[in-house]
Asker: 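My structure is below; once you've seen it, I'll send some questions.
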Amino acid sequence: MENKHCVLVSGGAGYIGSHTAVELVEAGFDVVIADNLSNSDISAVEGVRRITGVDVQFVDVDCCDRAAFDRLFDDYGFDSAIHFAAYKAVGESVSDPMKYYRNNLGSFMNLVDLMRAHGRRNILFSSSATVYGEADTLPVTELSPRKPATSPYGNTKQMCEDILRDSVKAYDSLRGIALRYFNPIGAHPSALIGELPRGVPQNLVPYITQTAAGIRECLSIFGNDYPTPDGSCLRDYIDIVDLAKAHVAALRRMIGGGGERYEVFNIGTGRPVSVFELVETFERVNGVSVNRKVAPRRAGDVVAVWADTSLANRELGWRAERSLDDTLRSAWAWEKHVRGME
Ligand code: NAD
Ligand code: UDP
């Protein structure tokens, strides 16, 4: 039998990790998902298996538990790792910073150390557009300056980028790519996997879908007096399957040995969308209404950020393809699936 390239997907039971696992399997990779299910459910792994028809391996492990993580390296012969395992609630990171520094830095430092110790090569890290903060010029390119982080969560993204950059520089055996995601939204077209927020959603799209489903009473639009065309904030909403495919492209680049040993790519659509436009598009394509009101600005929000994606388009041969209409249809299909509304 042909020997497939095996990939560790740490945090692979989560929202982005599960979609990436699907795209990896469909692209011909072997996948090992490692997750402690601290912010996810085993049903996501079952969804990955159902979509792909492959019995993808799952290991319940805390990446901060070095001895347990080490055993996983002994047990599986992957040569590449995609690291999603982190906490991501910005507000919680402000009130409980040590929880974020311990988990996000600890899990990543263990990964880098163990990749090196076990002679494994390629590390793909989940970074974020949050590193750009309130940018001076838009769209942001990979050369746009990183701004001082406004939350411990954002700080862990900058610190992990630096850990990867410095490690790749120092240790010849490693190479790394940091993908800076813009705003991932939507779900797999099968509606078998999607975003599963715990408690009250903090992000816009899950709040919209839960309001449309009647679980939340009213969507608050945080601010209509920003210096933007309609007064609401602008973001670059990237479809989750497109985002997942960017990981496959980045992995292939590392495996193929192209490019520099450490690289950074923006992963977005290149198109700014306002909060009002997003809500109205959701209503139009799904034929549902979303109860909403304008509320005060949310502390810490940047006014506008969107990506210059030309580097990823050119170097990774990747671009966002799914339309916003289709992405928002998938978000609603997923919400209905979760609520048993079909
Ligand atoms: P998620 O919470 O759905 O997935 C993260 C997964 O990691 C979860 O399944 C969780 O159980 C697991 N995990 C956390 N700590 C772990 C640990 N110590 N050991 C093992 N597993 C652990 O989040 P997501 O939206 O899929 O995000 C994935 C990554 O992408 C995160 O690093 C996040 O910071 C980053 N990111 C997300 C967004 C976004 O908007 N969703 C944007 C930019 C970057
Ligand atoms: N937003 C909103 N109401 C909500 C959640 C978010 O108006 O209930 C706005 C938020 O102010 C921002 C945009 O939607 O302008 C995207 O917010 P999200 O939290 O999804 O992403 P991020 O702030 O990380 O870009």
Side-chain angles (χ1 to χ4, degrees), residues 9-20 33-42 44-45 59-65 68-69 72 82-91 93 99-100 102-108 110-111 125-131 150-151 153-154 156-157 160 178-185 193-198 200-208 210-211 216 218-224 226 228 232-238 240 243-244 247 267-268 273-276 278-279 290 292-306:
V9 184
S10 49
Y15 175 43
I16 306 174
S18 58
H19 288 80
T20 300
I33 292 176
D35 202 301
N36 65 354
L37 304 179
S38 56
N39 194 41
S40 52
D41 194 276
I42 193 67
V45 177
V59 182
D60 187 341
V61 64
D62 181 346
C63 303
C64 292
D65 179 341
F69 206 11
L72 182 137
I82 308 183
H83 185 76
F84 297 101
Y87 296 146
K88 62 169 182 177
V90 176
S93 81
K99 176 173 174 182
Y100 278 69
R102 195 175 298 112
N103 193 53
N104 295 9
L105 300 182
S107 66
F108 190 60
N110 278 344
L111 177 92
F125 173 67
S126 297
S127 191
S128 167
T130 189
V131 303
T150 54
S151 71
Y153 167 75
T156 67
K157 290 295 159 199
C160 286
L179 297 182
R180 291 180 178 157
Y181 313 151
F182 282 66
N183 288 57
I185 61 165
I193 52 174
E195 193 169 4
L196 266 182
R198 295 198 167 170
V200 181
Q202 305 299 310
N203 294 111
L204 180 59
V205 169
Y207 210 105
I208 290 175
Q210 290 196 10
T211 307
R216 308 283 153 207
C218 185
L219 169 74
S220 291
I221 295 184
F222 298 139
N224 68 346
Y226 283 104
T228 59
S232 67
C233 294
L234 298 172
R235 294 287 185 276
D236 183 335
Y237 295 94
I238 172 80
I240 186 68
L243 174 62
H247 294 80
I267 304 297
V273 172
S274 77
V275 179
F276 286 115
L278 195 90
V279 180
V290 178
R292 58 184 174 275
K293 62 174 187 221
V294 172
R297 292 179 178 194
R298 183 171 69 176
D301 269 344
V302 302
V303 181
V305 65
W306 68 95

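In what follows, every heavy atom counts, from backbone to side chain, and hydrogens, waters and symmetry copies are set aside. Atoms within a ligand are numbered from 1 in the order they appear, just like the ligands themselves.
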Asker: Who are the ring pair (Phe, Tyr, Trp, His ring centres under 6.0 Å) partners of Tyr237, not counting sequence neighbours?
Answerer: none
Asker: Would you call the rings of Tyr100 and Tyr153 parallel, tilted or perpendicular, where under 30° means parallel and over 60° means perpendicular?
Answerer: perpendicular
Asker: For the CG atom of Leu111 and the SG atom of Cys64, what is their distance to the nearest 0.5 Å?
Answerer: 11.0 Å
Asker: Would you name the heavy atoms of Cys160 and Asn104 that are closest together and state the gap between them?
Answerer: SG-O, 3.7 Å
Asker: Strictly under 4.0 angstrom, heavy-atom based: which residues surround ligand 1?
Answerer: Gly11, Ala13, Gly14, Tyr15, Ile16, Asp35, Asn36, Leu37, Ser38, Asn39, Ser40, Val61, Asp62, Cys63, Cys64, Phe84, Ala85, Ala86, Lys88, Asn103, Ser126, Ser127, Ser128, Tyr153, Lys157, Tyr181, Pro184
Asker: Listed by chain and number, what are the side-chain hydrogen bond (donor to acceptor under 3.5 Å, both in side chains) partners of Tyr226, not counting sequence neighbours?
Answerer: none
Asker: Ring centroids only, cut at 6.0 angstrom: are Phe84 and His19 within range, meaning strictly under it?
Answerer: no
Asker: As an exercise, state the distance from CD1 of Ile16 to CD1 of Ile267, rounded to the nearest 0.5 Å.
Answerer: 11.5 Å
Asker: Can you measure from CG (Leu72) to CG (Asp65) and round to the nearest 0.5 angstrom?
Answerer: 11.0 Å
Asker: Is there a side chain to side chain contact (heavy atoms under 4.5 Å, CB included) between Arg235 and Val305? Walk through the geometry before answering.
Answerer: CA-CA 5 Å; Arg235 294 287 185 276; Val305 65; 4.1 Å; yes
Asker: Mind jotting down which protein residues get a heavy-atom contact under 4.0 Å with ligand 2? Chain and number order, please.
Answerer: Asn183, Gln202, Asn203, Leu204, Tyr207, Leu219, Ser220, Ile221, Phe222, Cys233, Arg235, Tyr237, Val275, Arg298, Asp301
